[in-house]
Amino acid sequence: MAKQKGHIKYVGTLGEVRHFKIKGNDGYFAGLKGGPSAEQIKTAPGFIRTRENMSEFGACANAGKSVRVGLSSLMKQMADNQLTGRLTAIMKKINIEDGSEARGQRAVLVSQQPQYLKGLDFNRNISFNGVFSAPYTLTPNVDRNESVLTIPSFNPANFISVPSGATHFRIINAISVIADFVFNPTTGAYEPADTDLNELSNIAYSAYTPVDVATTPLTVTATLPNAPTMNTNVTAIGSIGIEFYQQVGSNYYLFNAGNAMKIQDLF
């Protein structure tokens, strides 16, 4: 793939060369037109591997989407513009671990390979550990439908990287559910193993806490709605985050910068 380096920036096609932007990347790119037709890809024997890859890629993309949908109210302030691709890539790593099915039908078994998601920062440019370094514990209950985040008393000046102008912060404890994605030979498509539990979530917040005063011990409990019964085909994702605010009068305004969140554990 060619990349434009000159001063003329444009997209579209000139002759046999197509010029385009790639989301999340700087600069402009160029590539040749052409390639196989859609019908060839769908039916030709020579493209069987392509069809298998497309099938599994779709499953990985949908599994990654379920992570984002479960935490959708936090994505605007927490995620970078390449999170979708990074989640799909992680799901593909999980996908190829399945040795029980044929290519093109391998499942995305997050329940068996949770380690690939553990520790993921939702914004690769803002590490949660780099923003918040106070001790904490995240503990799920035995039913896996609730988690408790506990943080002993600490001085924010020593343990939080506070953006300029912020007066308060809130700690986030988010629990969400991702189901395994499995191939359905009847429909010829991938589906979540449990549609009722997939993408279920709850997001809990601490109180607005001043950035310049030592805190009291903090406890933030997140409970899935209606206390569902979890099965072996689903995984609870425990994410923790921090948001910064500026207080003006009695109102708190969310900062656009400095906020961070990561997947702490899966259970």
Side-chain angles (χ1 to χ4, degrees), residues 23-25 60-91 110 114-134 136-138 140 146-151 156 159-178 198-209 211 215 218-225 235-247 251-267:
K23 185 177 180 180
N25 287 271
C60 296
N62 286 334
K65 181 181 178 181
S66 287
V67 175
R68 292 183 287 109
V69 170
L71 301 169
S72 58
S73 64
L74 296 170
M75 288 298 95
K76 182 177 179 181
Q77 64 266 35
M78 295 297 185
D80 63 59
N81 59 13
Q82 293 187 340
L83 178 62
T84 296
R86 291 192 291 123
L87 279 171
T88 301
I90 290 171
M91 295 302 177
V110 177
Q115 71 275 8
Y116 287 106
L117 282 166
K118 188 173 181 178
L120 173 71
D121 279 302
F122 286 82
N123 188 330
R124 64 176 183 173
N125 301 311
I126 306 178
S127 164
F128 176 82
N129 291 346
V131 174
F132 184 87
S133 58
Y136 61 84
T137 58
L138 182 68
E146 181 178 279
S147 66
V148 180
L149 176 63
T150 55
I151 307 173
F159 293 99
I160 298 180
S161 179
V162 180
S164 177
T167 61
H168 290 73
F169 66 92
R170 287 201 296 178
I171 298 296
I172 296 170
N173 179 16
I175 184 171
S176 57
V177 180
I178 174 71
N198 190 50
E199 301 175 4
L200 197 64
S201 67
N202 177 253
I203 299 167
Y205 298 83
S206 71
Y208 294 100
T209 305
V211 300
T215 72
L218 300 176
T219 300
V220 186
T221 303
T223 306
L224 291 174
T235 302
I237 301 174
S239 301
I240 57 176
I242 185 169
E243 291 180 341
F244 292 99
Y245 295 81
Q246 185 176 76
Q247 183 180 18
N251 297 315
Y252 296 90
Y253 295 93
L254 178 65
F255 265 43
N256 289 326
N259 308 308
M261 186 171 72
K262 75 168 184 175
I263 294 177
Q264 173 66 20
D265 205 356
L266 298 98
F267 37 84

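Both backbone and side-chain heavy atoms feed into the values below; hydrogens, waters and symmetry mates do not.
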At their closest point, which heavy atom of Leu83 faces which heavy atom of Ala79, and how far apart are they? CD2-CB, 3.5 Å

Any chance you could lay out the side chain to side chain contact (heavy atoms under 4.5 Å, CB included) test for Phe169 and Val162, step after step, and finish with the verdict? CA-CA 9 Å; Phe169 66 92; Val162 180; over 6 Å; no

Leu254 and Gln77, any side-chain heavy atoms less than 4.5 Å apart: yes

Side-chain touch Phe255/Gln246, heavy atoms, less than 4.5 angstrom: yes

Counting only heavy atoms not in Asn251, do more than 12 sit closer than 6.0 Å to its CG atom? yes

Does Arg86 reach the main-chain N or O of Phe122 with its side chain, forming a donor-acceptor pair under 3.5 Å? yes

Please name the pair of heavy atoms, one in Glu199 and one in Ser66, separated by the smallest distance, quoted to 0.1 Å. OE2-OG, 3.0 Å

Going by atom types alone, do Thr221 and Asn173 pair a side-chain donor with an acceptor below 3.5 Å? no

Are Leu138 and Val148 close enough that some pair of their side-chain heavy atoms sits under 4.5 Å apart? no

Can you list the steps and then say if Thr150 with Tyr136 is a side chain to side chain contact (heavy atoms under 4.5 Å, CB included)? CA-CA 6 Å; Thr150 55; Tyr136 61 84; over 6 Å; no

Check each of Asp121, Asn129, Asn123 against Lys262 using the side-chain hydrogen bond (donor to acceptor under 3.5 Å, both in side chains) test, and report the only one that passes. Asn129

Are Ile237 and Ile175 side-chain neighbours, meaning at least one heavy-atom pair lies under 4.5 Å? no

Can you check whether His168 and Phe244 have ring centres sitting under 6.0 Å from each other? no

Minimal non-hydrogen separation, Pro225 against Leu200, with atom names: CD-CG, 4.0 Å

Quick one: does any side-chain atom of Thr235 pair with a main-chain N or O of Phe267 as donor and acceptor, under 3.5 Å? no

Would you check if the side chain of Asn202 reaches a backbone N or O of Thr223 as a donor-acceptor pair within less than 3.5 Å? yes

So Ile126 and Asn259, do their side chains get closer than 4.5 Å, heavy atoms only? no

Between Tyr208 and Tyr245 (judged by ring centroids, cut-off 6.0 Å), do the two rings come close enough to count as a pair? yes

4.5 Å side-chain heavy-atom contact, Val177 and Leu224: yes

Roughly how far apart are Leu74 CG and Ser176 OG, rounded to 0.5 Å? 9.5 Å

Going from OG1 on Thr84 to CE on Met75, what distance comes out if it is rounded to the nearest 0.5 angstrom? 9.5 Å

Dump the intermediate steps for side chain to side chain contact (heavy atoms under 4.5 Å, CB included) on Leu149 and Thr137, then the final yes or no. CA-CA 6 Å; Leu149 176 63; Thr137 58; over 6 Å; no

Heavy-atom closest contact (Met91 atom, Val67 atom, distance): CE-CG2, 3.8 Å

Can you check whether Val131's main-chain N or O pairs, donor with acceptor, with Ser161's side chain at less than 3.5 Å? no

Would the distance check show the side chain of Thr209 and the main-chain N or O of Ala207 forming a donor-acceptor pair, the cut-off being under 3.5 Å? yes

Of all heavy-atom pairs between Ile263 and Ser239, which one has the smallest distance, and what is that distance? CG1-OG, 3.7 Å

May I ask you to test the Ile240-Phe128 pair for a side-chain heavy-atom distance under 4.5 Å? yes

Could you check whether any side-chain N or O of Ser133 sits under 3.5 Å from a backbone N or O of Phe159, counting only pairs where one atom can act as donor and the other as acceptor? yes

Using side chain to side chain contact (heavy atoms under 4.5 Å, CB included) as the criterion, point out the one residue from Ile171, Val220, Ile172 that pairs with Tyr205. Ile172

Looking only at heavy atoms, which two atoms of Ile203 and Ser73 are closest? And how far apart? CD1-OG, 3.1 Å

